[in-house]
Amino acid sequence: MKAFFTGLVLGVVLTGFTGWYFFVARKSHHVRHAQDVTASALQKTADVIEAKLVAWHLTPADIQTELTNTGKVVRHQMRDFGAAVADVGADATITAKIKAKYAFDKELSAWGIAVSTTDGRVTLAGNVSSPRLIGKAIMLALETDGVREVSSTLQVKR
């Protein structure tokens with residue numbers, strides 16, 4: 001019974017706060033400014049990601065052409081190209097970091113993409129829903145510390 005009344009009071013408080021926000025607070029200059037700043041930051045992030053995809057030739061057209069010609073997509077990480085990663089623990093860490101990036105990304109599936117790492121060379125396999133997501137998966141892997149090369153056999157689900 002106590003839990004019921006606690007839930008009831010909490011529900012009333014949340015409902016009241018939600019009503020106050022929708023009818024009063026969201027019209028505030030400060031709230032609108034915060035919304036504008038957030039939208040601007042999100043747009044800048046999207047623009048940076050898009051620029052990286054273009055620079056690394058990971059646009060949907062690039063992916064589709066490379067998949068048609070070779071059946072896989074390979075990119076090299078230039079800043080770490082000469083570095084050797086021989087530690088098995090480092091490879092496991094790289095794999096875990098990449099899987100975590102996929103898990104936190106709304107468009108990619110950590111379960112749908114298999115990641116394996118050997119000496120800093122990452123192989124991606126599995127299915128995604130569009131060529132753009134193949135590029136995004138490769139880009140996220142390339143941006144992981146210790147990655148020397150990414151090879152992808154990711155396919156677009158039909």
Side-chain angles (χ1 to χ4, degrees), residues 7 10-11 13-15 17-18 21-22 25-26 30-68 70-158:
L10 184 60
V13 168
L14 289 175
T15 302
F17 179 77
T18 303
Y21 174 78
F22 277 106
R26 76 177 182 166
H30 298 293
V31 171
R32 287 184 186 216
H33 176 70
Q35 289 171 338
D36 292 342
V37 168
T38 302
S40 175
L42 288 173
Q43 184 60 47
K44 285 179 185 176
T45 301
D47 292 344
V48 167
I49 289 172
E50 188 63 32
K52 286 181 181 182
L53 291 173
V54 169
W56 285 336
H57 303 287
L58 293 171
T59 63
D62 296 328
I63 297 293
Q64 198 65 36
T65 301
E66 200 162 337
L67 282 175
T68 301
T70 66
K72 64 181 182 177
V73 180
V74 178
R75 294 293 182 274
H76 300 277
Q77 180 59 275
M78 295 309 288
R79 67 183 149 102
D80 293 330
F81 190 70
V85 181
D87 184 15
V88 174
D91 287 339
T93 300
I94 290 169
T95 298
K97 286 180 180 179
I98 293 169
K99 289 293 259 182
K101 287 181 179 183
Y102 295 165
F104 285 112
D105 190 283
K106 292 179 183 178
E107 296 178 308
L108 296 171
S109 168
W111 300 107
I113 300 174
V115 180
S116 64
T117 308
T118 305
D119 294 331
R121 290 179 173 88
V122 176
T123 302
L124 306 176
N127 295 310
V128 294
S129 60
S130 73
R132 183 182 70 81
L133 294 181
I134 294 174
K136 188 173 187 180
I138 294 170
M139 180 192 66
L140 289 173
L142 280 169
E143 290 183 332
T144 304
D145 289 337
V147 172
R148 296 172 54 198
E149 175 183 297
V150 176
S151 177
S152 170
T153 58
L154 291 169
Q155 297 293 315
V156 177
K157 285 188 256 183
R158 300 275 176 215

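Every heavy atom of this structure was used, including side-chain atoms; hydrogens, water molecules and symmetry mates were not. One is the number of the first residue; the rest follow in order along the sequence.
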Inset, instruction - For Lys72, look at atom NZ and say whether over 12 heavy atoms of other residues, nucleotides or ligands are found less than 6.0 Å away. - result: no

Looking only at non-hydrogen atoms, find the nearest pair between [X] and [Y] and report the distance.
| X | Y | result |
| --- | --- | --- |
| Ala137 | Leu154 | CB-CD1, 3.8 Å |
| Lys99 | Ala114 | NZ-CA, 4.4 Å |
| Ser151 | Val74 | OG-CG2, 3.6 Å |
| Ile138 | Tyr102 | N-OH, 4.5 Å |
| Leu124 | Ala141 | CD1-CB, 4.5 Å |

Legend entry - Contacts of type side chain to side chain contact (heavy atoms under 4.5 Å, CB included), residue Asp105, not counting sequence neighbours: Glu107, Leu108, Lys136, Leu140

Legend entry - Thr117 and its side chain to side chain donor-acceptor pair (under 3.5 Å) partner, picked from Thr123, Thr95, Asp91: Thr95

Inset, instruction - Assess whether side chain to side chain contact (heavy atoms under 4.5 Å, CB included) is satisfied between Trp56 and Val150, documenting all intermediate values. - result: CA-CA 12 Å; Trp56 285 336; Val150 176; over 6 Å; no

Inset, instruction - Determine, step by step, whether His57 and Glu66 satisfy the side chain to side chain contact (heavy atoms under 4.5 Å, CB included) criterion, reporting the C-alpha distance in whole Å, the side-chain angles of both residues, the deciding distance to 0.1 Å, and the verdict. - result: CA-CA 10 Å; His57 303 287; Glu66 200 162 337; over 6 Å; no

Legend entry - Intermediate values then yes/no, side chain to side chain contact (heavy atoms under 4.5 Å, CB included), Val128 and Ile113: CA-CA 8 Å; Val128 294; Ile113 300 174; 3.9 Å; yes

Rounded to the nearest 0.5 Å, what separates atom [atom1] in [X] from atom [atom2] in [Y]?
| X | Y | atom1 | atom2 | answer |
| --- | --- | --- | --- | --- |
| Asn127 | Thr153 | CG | OG1 | 9.5 Å |
| Ile94 | Asp119 | CD1 | CG | 9.5 Å |
| Leu142 | Arg148 | CG | CZ | 13.0 Å |
| Leu10 | Thr15 | CG | OG1 | 9.0 Å |
| Ile49 | Lys52 | CD1 | NZ | 7.5 Å |
| Thr59 | Ile134 | OG1 | CD1 | 11.5 Å |

Legend entry - Side-chain donor or acceptor of Thr68 paired with backbone N/O of Gln64 under 3.5 Å: yes

Inset, instruction - Evaluate the criterion side chain to side chain contact (heavy atoms under 4.5 Å, CB included) for residue pair Leu67 and Gln155; output intermediate values, then yes/no. - result: CA-CA 8 Å; Leu67 282 175; Gln155 297 293 315; 4.0 Å; yes

Legend entry - Stepwise salt bridge (Lys or Arg N to Asp or Glu O under 4.0 Å) check, Glu143 with Lys101: CA-CA 10 Å; Glu143 290 183 332; Lys101 287 181 179 183; 5.1 Å; no

Legend entry - Side chain proximity check, Thr144 to Val122, heavy atoms < 4.5 angstrom: no

